Amino acid sequence: MIKEPVSVAAIQFEPTQFRKEDNILRLLALAGEAASNGARLIVMPEMGTTGYCWMDREEVAGYVETVPGATTDRFGLLAARYQCYLVVGLPEVDARSGLYYNSAVLIGPDGVIGKHRKTHPYISEPKWAANGDLGHQVFPTPLGNIALLICMDIHFIETARLAGLQDADVICHISNWLAERTPAPYWINRAYENDCYLIESNRWGRERGVQFSGGSCIIEPNGHIQSWRDTGDGIVSGLLHPGAQGRGLLAERRPELYKELMTNTFMWNPLDFFGLYAARPLPEGKRSHIAVGQFEPDDDINVNLSRIGQLAARAKAQGAELLTLPELCLTGKYRAPASAITLRHASVGALMDLCARLRLYLVAGMVEDDGDGNRYNSALLIGPDGLPGVYRKIHLTAEDKTWATRGSAWKTFDIPCGRIGLLIGHDLDFPEAGRILAMRGCDIIACPAALDLPGPIDHPGTSVPHDYPIATGASRHHWLLTRVRAGENNVYLSYANANLSGLSGIFGPDTFAWPRREALVTEARGLAVLEIDTSNLDSAYPTNVVRRKDLVAMRQPHYYQPLIQVAGGE
C-alpha cells in the first residue's frame, strides 16, 4: 500500500547495440539525475543495457549476464547511495541451464529484490530467448507493492490482472514498443482496469530498421496520463499518491464464472477445434454491415419502441444486418417492480415483428421479469425468425444491485454475420468477460451499455517519424476502453451506449491496423454502420485475424490459475 506520496521517474533512452558499457553509463547517469532530484522509484527500458534486435543466441552471447551480476551490482550501488529503487532491463543468462531470458530486475538499497522474465514473447525473442519461467510476481517494498511486466506481456489481459490480484500498487512496464502512437492505449487500459499506477519506460529511435515509439509516461489508476515524453532521451517525473486507488472493481469479479480462462481454445486450427465432434463449428461468416444506435431511453416503452423502429429502419437502409442498441433501451431504467416485463410482453412481440419485417437482427436491453419473482438486466438477441436468446448481466453496478439478480451464464449465438456473444455495460470493465467470449470463437461481441466511462483521452500528436502506417497528428479519441477490448480479443465490438461519455461505436479486431476499422457515434443520438468481414478467407486455415485470433492463441494459461480462485473457496 502506498502510505505517502512517492516521487517516481521513467527513463526514456535509445541504447546502441554492441556498446553495452556506453549504454550502462548513460543509464546510470540518467537514473542518478532522477534520484538526485528526489525520485525513489526509477524505471528503465526493456533491454536497455544492450539494445533489443538480436539475431540469435550466438550474437547476444557476449552481452548476457547473471542476476545478480556485474551490471545489477553497479545499479545496486546507485540504489544504496540514494536509498531508491530501480527497475533495469537486460538479457539474462541462467547460470544452471545456460538459457537466455529477456528480464526486468528490481533493485533496492540492499541489492536485487526480484526479477521478471518476459513470459509472452514478441516475434523477436524466440530468436534467442526462452519464455519466462518465473510467473508474475508482486514485490512488497517500503514504497508499495511493485509488479514488473515487459512489453508484449501487457497485450494480454491476464498478466496485469495477476498483478492486480496480488494488490500491486504500481506496474513497472518496460518496453520496446513500436507500430503505435504512444502513450499506448493498452498501457492506459491496464492501469484503469486493475486500479493501479503504471510507470512506462519505453525506448525510442531505430535499431536494425525498426522504429520505436517513445512515449514514456506515468499513468494514474483512473487512466489519466500524469506526465509523458514524446521522443528523445530523458526523464519523465511523477508522483504516486496514497488514496488514488480504490474503485473496488477487483472485488466485484466473478471468478467462479472464469474457469474457461484456464483453457487454450485457439491452440489448434479453430476451424478444426470448434468443429470437433460436429458439435458447433464456426459459422461460415461473410462480409456484412453491422450498426449501433445511441440514444437515452425514456421511461415510456412506446416512446422507446418508436426510437428503436426509426434507428432500425435507418440501419437497414444502409445495409446493416445487425443493430445493437443501448442497455435497457426497451423499458428504460428500473423504477419499480412494474418496470420489469416478461419475454411475453407485447413490446417484445413488437420488436420481433420489426425484425421479421426488416429481416434484421437486433440486440436490445430490458428489465426482465422471469415470472418467478426474479428481475434481470437483460439483453435480447432478436432475429427475423424470432428470439434466439437472452443474456442476463453478470457484473452488476451498484444501482443494478438494488433490484437485479446476477446472471450466471455467458451466451453466444451463430447468425449469418458470424458467431456473436453478448455483454452488457459494466461487464466491459472486467477484461475476463470479453476474453471468455473470444475464446468461445466469437467474431462479434454486442454490448448494450449505459456506462459513464472515462472520457476518451486526447493525443496532441507525435514527432516520431514512424515508418508504420499510423496517424501521427492530434487525435480526439486516442484512447477508448472499448477499442482496446476489441483488439485484445480480436473481435468486432458493437458497443451501443446510452451516455455520450462512453462513445458508442463499432471497433475492429486489430488495434494496430491503420486506418482503423471502426465507426463512432459522437452525437448524443445517432447511428454508426461499419462493414465487417468474418469470413475464414482460407478453406484450410483462417488468415482473417478475427478468426485466427493471434492474441488469444498466444496466451499462456498455465500461469493464470489465480484468476479463477474464489476468495475463501476454491
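What you are looking at is a predicted structure, and each value in this text was computed from that prediction instead of being measured. For the numbers below, each heavy atom of this structure counts, side chains included, while hydrogens, waters and symmetry mates do not.
- Here the CG atom belonging to D510 is positioned 8.0 Å from the CG atom belonging to D550, to the nearest 0.5 angstrom.
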Go through it in stages, so that I can follow the logic: the residues are L503 and Y495, the test is side chain to side chain contact (heavy atoms under 4.5 Å, CB included), and I'd like the CA-CA distance, side-chain angles, deciding distance and then a yes or no.
CA-CA 8 Å; L503 293 167; Y495 171 76; 6.0 Å; no
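- Distance alone, capped at 3.5 Å, is enough to place a donor-acceptor pair between the Q83 side chain and the A80 backbone.
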When you look at R419 and D414, which way does the salt bridge (Lys or Arg N to Asp or Glu O under 4.0 Å) test go after all the steps?
CA-CA 4 Å; R419 180 161 294 175; D414 291 344; 2.8 Å; yes
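- Counting only heavy atoms from C-beta outward, the side chains of L78 and Y82 approach each other to under 4.5 Å.
- For the atom pair CG of L27 and CZ of F13, the computed distance is 4.5 Å after rounding to the nearest 0.5 Å.
- With rounding to the nearest 0.5 Å, the separation of CZ in F139 from CD1 in I146 is 9.5 Å.
- Contacts classified as side chain to side chain donor-acceptor pair (under 3.5 Å) and involving residues 143-153 (residues at least two apart or in different chains) are given here: H116-D153, T119-D153.
- Heavy-atom neighbours of R19 CZ from other residues, nucleotides or ligands within 6.0 Å: at or below the threshold of 12.
- When all heavy atoms of K549 and A438 are compared, the closest pair comes out as CE-O, 3.5 Å.
- The main-chain N or O of G214 is found under 3.5 Å from a side-chain atom of T182 such that the two form a donor-acceptor pair.
- Residues Y52 and N102 bring no donor and acceptor atom of their side chains to less than 3.5 Å of each other.
- A donor-acceptor contact shorter than 3.5 Å is absent between the side chain of D443 and the backbone of G285.
- The salt bridge (Lys or Arg N to Asp or Glu O under 4.0 Å) with E432 is formed by just one residue from the set R253, R485, K259; it is R253.
- Considering only residues two or more places apart in sequence or on other chains, Q12 meets the side chain to side chain contact (heavy atoms under 4.5 Å, CB included) condition with W204, S216, R229.
- No side-chain heavy atom of Y559 sits less than 4.5 Å from a side-chain heavy atom of T159.
- At a threshold of 4.5 Å between non-hydrogen side-chain atoms, the residues W268 and F274 do not count as touching.
- Between L423 and W410 the shortest heavy-atom distance is CD2-CZ3, 3.8 Å.
- Judged purely by atom type and a 3.5 angstrom limit, N23 has no side-chain atom pairing as donor or acceptor with the backbone of P15.
- Each of F512, W187, Y122 was scored for a ring pair (Phe, Tyr, Trp, His ring centres under 6.0 Å) with H155, with one residue passing: F512.
- L563 and R161 make their closest contact through CD2-CG, 3.6 Å (heavy atoms, listed as atom of the first residue, atom of the second, distance).
- A donor-acceptor pair under 3.5 Å is absent between the side-chain atoms of R517 and the main chain of L530, judged by distance alone.
- For the pair Y197/P221, a side-chain contact is recorded, criterion being any heavy-atom separation below 4.5 Å from C-beta on.
- For R208, the CZ atom sits in a packed shell: over 12 heavy atoms of surrounding residues, nucleotides or ligands are nearer than 6.0 Å.
- By the 4.5 Å heavy-atom criterion applied to side chains, I174 and V87 are counted as neighbours.
- More than 12 heavy atoms of other residues, nucleotides or ligands shown are found within 6.0 angstrom of CG on L276.
- Without hydrogens or angle criteria, R483 side chain to H478 main chain gives a donor-acceptor distance under 3.5 Å.
- Once rounded to the nearest 0.5 Å, the distance linking CD1 of I235 with CD1 of I42 reads 8.0 Å.
- In this structure, the side chain of D195 does not engage the main chain of L249 through any donor-acceptor pair within 3.5 Å.
- Counting non-hydrogen atoms of other residues, nucleotides and ligands closer than 6.0 Å to CE of M262 gives a total above 12.
- Both tests do not hold together for R555 against F266: distance to the six-membered ring centre under 6.0 Å, angle to the ring axis within 45°.
- Closest heavy-atom contact between Y100 and V64: CE2-CG2, 3.7 Å.
- Between the CD atom in E46 and the CZ atom in F212 there is a gap of 8.5 Å [rounded to 0.5 Å].
- Nearest heavy atoms, T412 versus C442: CG2-SG, 3.5 Å.
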If you apply the rule salt bridge (Lys or Arg N to Asp or Glu O under 4.0 Å), what do you find for E59 with K127, and how did you get there?
CA-CA 10 Å; E59 186 178 55; K127 291 179 177 295; over 6 Å; no
What's the verdict on side chain to side chain contact (heavy atoms under 4.5 Å, CB included) for C151 and W177, showing C-alpha distance, side-chain angles and the deciding distance?
CA-CA 7 Å; C151 204; W177 204 267; 4.0 Å; yes
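- No donor-acceptor pair closer than 3.5 Å links the side chain of R26 to the backbone N or O of D233.
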What verdict does the side chain to side chain contact (heavy atoms under 4.5 Å, CB included) test give for V93 and T66, after you've listed the backbone C-alpha separation in whole Å, the side-chain angles of each residue and the deciding distance to 0.1 Å?
CA-CA 5 Å; V93 59; T66 59; 4.0 Å; yes
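- Smallest separation of non-hydrogen atoms from L282 and G441: CD2-O, 3.5 Å.
- For the residue pair E180/S213, the side-chain donor-acceptor check at 3.5 Å is not satisfied.
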List the steps, then state whether side chain to side chain contact (heavy atoms under 4.5 Å, CB included) holds for Y541 with L271.
CA-CA 7 Å; Y541 189 88; L271 303 184; 5.8 Å; no
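- W479 places a side-chain heavy atom less than 4.5 Å from the side chain of V484.
- For the pair M152 and L551, the minimum side-chain heavy-atom distance is below 4.5 Å.
- A donor-acceptor pair under 3.5 Å is formed between the side chain of T265 and the backbone N or O of M439.
- Taking the side chain as every heavy atom from C-beta outward, L240 and D169 never approach each other to under 4.5 Å.
- Between the side chain of R117 and the backbone N or O of Y101 there is no donor-acceptor pair closer than 3.5 Å.
- In this structure, R81 places its CZ atom where only 12 or fewer heavy-atom neighbours from other residues, nucleotides or ligands lie under 6.0 Å away.
- Summarising the geometry, atom OG1 belonging to T482 is positioned 11.5 Å from atom CD1 belonging to I506; distances are rounded to the nearest 0.5 Å.
- A 6.0 Å sphere centred on CD of E21 holds more than 12 heavy atoms belonging to other residues, nucleotides or ligands.
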